[in-house]
Asks: 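Below is a structure I'd like to ask you about.
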2 protein chains.
Amino acid sequence: MHLSAQEEYGLRCLVQVARRCGEGPVGIAEVADAEGLSPDYTAKLLRVLRQGELLTSTRGAAGGYVLARPATAISVWQALEILGGPLFSESLCNSHAGLKADCVHMGDCSMRSMWTWLGDAVRAALSAISLSDLLTSEGVMSQRLQLVPLPTARVQS
Amino acid sequence: MHLSAQEEYGLRCLVQVARRCGEGPVGIAEVADAEGLSPDYTAKLLRVLRQGELLTSTRGAAGGYVLARPATAISVWQALEILGGPLFSESLCNSHAGLKADCVHMGDCSMRSMWTWLGDAVRAALSAISLSDLLTSEGVMSQRLQLVPLPTARVQS
DNA sequence: CGGAAACTGTACTAATATGTCAAGATTAAC
DNA sequence: GTTAATCTTGACATATTAGTACAGTTTCCG
């Protein structure tokens with residue numbers, strides 16, 4: 001269970017645009033420089049975010065990207081969904097059927113409950129964090145998150 | 001943020017062994033058949049689990065695998081850690097430095113707080129679910145998990 | 001206009017993950 | 001002992017993901 005490169009870098013690029021909100025369109029070169037990525041790769045990531053309707057672009061000289069909505073109205077979850085898809089969905093069952101046409105557990109699968117539950121939990125957690133929340137320092141962010149109790153799930157046996 | 005094939009299939013193979021606990025060593029062919037995977041691939045997955053010390057094997061005729069510990073003493077998290085590594089660790093920063101030697105956010109990174117927090121939450125949640133919990137039906141599992149409140153994180157702005 | 005700045009699209013190469021294969025090693029049973 | 005069943009290992013082929021390259025299009029500005 002890993003973050004993909006596109007999710008990690010894509011989110012960082014999105015935050016860079018958010019950080020410059022109100023200063024006019026942000027150029028690819030500017031974001032690339034701020035993140036230490038190649039302009040070509042940065043262009044690709046910003047393109048994905050634009051196609052996902054999280055950014056809008058203006059072309060031509062002095063062009064660039066701006067957020068499609070206020071930073072408070074874009075959640076980390078929305079960004080991740082566009083950059084890498086959901087943690088768990090019914091497609092996991094379809095794509096992990098092994099050699100068979102359908103997964104052997106299609107009828108009844110205790111793991112499916114677990115993944116669905118975990119996916120819901122992660123989605124809920126990351127939906128509550130907006131891009132604007134990330135425009136702070138690590139210390140402040142850490143403190144804010146500490147105010148939230150961790151999900152100490154305990155299965156009732 | 002996806003489950004890797006090794007995590008998904010590996011966990012399923014581990015559960016198959018757990019399910020046959022007490023019936024003597026479980027063969028690769030038996031697990032492969034139960035999961036609809038090729039014997040070769042199944043062998044690879046069981047190997048990883050053995051190297052991670054979740055299974056022990058006996059070689060030769062009538063050989064096979066058994067759990068290294070009782071099913072109640074193996075958590076889903078432990079299995080996932082062996083099969084695919086952690087969701088987030090310091091290595092994410094090192095491996096996502098872009099073109100630079102170090103990540104440009106090495107000093108201060110609000111996202112690092114977030115990933116650490118999420119990683120801790122997922123670890124806590126999956127550490128509380130044991131292999132024996134998965135030896136039930138989807139309906140029962142679903143009900144049990146419903147008793148657990150989802151982590152409805154809310155960042156205090 | 002004409003040229004420079006800047007995004008767009010597609011194709012390509014490189015790295016990683018997925019899954020297969022074959023030869024080797026160990027044990028039970030006869 | 002010999003044989004057959006069974007795990008072990010490392011190398012390999014394939015698929016997916018990561019990242020690069022470059023020619024094309026749009027807009028600003030003189």
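Naming convention: chains lettered A, B, ... in sequence-line order (proteins, then strands); numbering from 1 in each chain.
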Asks: Just checking, is any N or O donor in the side chain of B/Gln146 or A/Trp117 under 3.5 Å from an acceptor N or O on the other one?
Replies: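 There is no such pair between these side chains.
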Asks: Using salt bridge (charged side-chain N to carboxylate O under 4.0 Å, His left out) as the criterion, list what pairs up with A/Glu30, not counting sequence neighbours.
Replies: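 If we apply the salt bridge (charged side-chain N to carboxylate O under 4.0 Å, His left out) test to A/Glu30, skipping adjacent residues, the hits are A/Arg20.
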Asks: Tell me every residue that passes salt bridge (charged side-chain N to carboxylate O under 4.0 Å, His left out) with B/Glu138, counting only those two or more places apart in sequence or in another chain.
Replies: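 Partners of B/Glu138 under the salt bridge (charged side-chain N to carboxylate O under 4.0 Å, His left out) test: A/Arg112.
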Asks: Could you list who else is in B/Leu37's hydrophobic cluster, with ILVMFWY side chains joined at under 4.5 Å, directly or through other members?
Replies: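 The other cluster members (ILVMFWY side chains, heavy atoms under 4.5 Å, direct or chained) are B/Tyr9, B/Tyr41, B/Leu45.
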Asks: Over how many whole Å does the gap from B/Lys44 atom NZ to D/dA13 atom P extend?
Replies: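 Roughly 14 Å, once rounded to whole Å.
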Asks: May I ask you to decide if A/Val140's main-chain N or O and A/Gln143's side chain share a donor-acceptor pair within less than 3.5 Å?
Replies: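 The answer is no, because no donor-acceptor pair under 3.5 Å joins these two groups.
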Asks: By a strict heavy-atom criterion of less than 4.0 Å, which residues belonging to residues 7-24 of chain B are in contact with DNA chain C?
Replies: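 Close to the strand are B/Tyr9.
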Asks: Starting at atom CZ of B/Arg50, determine the distance to atom P of D/dC7, rounded to an integer number of angstrom.
Replies: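 B/Arg50 atom CZ is separated from D/dC7 atom P by 11 Å.
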Asks: Taking side-chain hydrogen bond (donor to acceptor under 3.5 Å, both in side chains) as the definition, give me every residue that meets it alongside A/Arg47, ordered by chain and number, with sequence neighbours left out.
Replies: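 If we apply the side-chain hydrogen bond (donor to acceptor under 3.5 Å, both in side chains) test to A/Arg47, skipping adjacent residues, there are no hits.
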Asks: Taking any atom closer than 4.0 angstrom to a non-hydrogen atom of chain B, what span of DNA chain C does the protein reach, first nucleotide to last?
Replies: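 Answer, 5' to 3': C/dT18 to C/dA28.
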Asks: Across nucleotides 22-30 of chain D, 5' to 3', mark each nucleotide with B, S or - according to how protein heavy atoms within less than 4.0 Å reach it.
Replies: B-BBBBS--
Asks: Which residues end up grouped with A/Leu99 if you chain together Ile, Leu, Val, Met, Phe, Trp and Tyr wherever their side-chain heavy atoms are less than 4.5 Å apart?
Replies: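 None; A/Leu99 is a cluster of one.
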Asks: Please state how far atom CG in A/Leu83 lies from atom P in D/dG19, giving the value in whole angstrom units.
Replies: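 Going from CG in A/Leu83 over to P in D/dG19 covers 13 Å.
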Asks: The criterion is side-chain hydrogen bond (donor to acceptor under 3.5 Å, both in side chains); which residues satisfy it with B/Ser89, sequence neighbours excluded?
Replies: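 By the side-chain hydrogen bond (donor to acceptor under 3.5 Å, both in side chains) rule, B/Ser89 matches B/Ser91.
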Asks: Test: side-chain hydrogen bond (donor to acceptor under 3.5 Å, both in side chains). Region: residues 51-64 of chain B. Which pairs qualify, not counting sequence neighbours?
Replies: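 Passing the test, one end in residues 51-64 of chain B: no pairs.
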Asks: Mind calculating the distance between CG (B/Leu55) and P (D/dC7) to the nearest angstrom?
Replies: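 That distance rounds to 12 Å.
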Asks: Are A/Ser4 and D/dT17 close enough that a side-chain N or O sits under 4.0 Å from OP1 or OP2?
Replies: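 Answer is no, no contact under 4.0 Å.
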Asks: Rounding to a whole Å, what distance do you find between B/Glu30:CD and D/dT6:C1'?
Replies: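 For the pair B/Glu30 CD and D/dT6 C1', the rounded distance is 13 Å.
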Asks: Send over the distance from A/Leu45 CG to D/dT17 P, rounded to a whole Å.
Replies: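 Between P of D/dT17 and CG of A/Leu45: 15 Å.
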Asks: Going by side-chain hydrogen bond (donor to acceptor under 3.5 Å, both in side chains), name the residues that satisfy it together with B/Ser132, two or more places apart in sequence or in a different chain.
Replies: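 For B/Ser132 the side-chain hydrogen bond (donor to acceptor under 3.5 Å, both in side chains) partners, ignoring immediate neighbours, are B/Ser130.
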Asks: Please work out which residues in residues 93-103 of chain B have a non-hydrogen atom less than 4.0 Å from an atom of DNA chain C and list them by number.
Replies: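 The answer is none.
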Asks: With a 4.0 Å cutoff (strictly under), does any side-chain N or O of B/Ser57 reach OP1 or OP2 of D/dT8?
Replies: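 Affirmative; the distance criterion is met.
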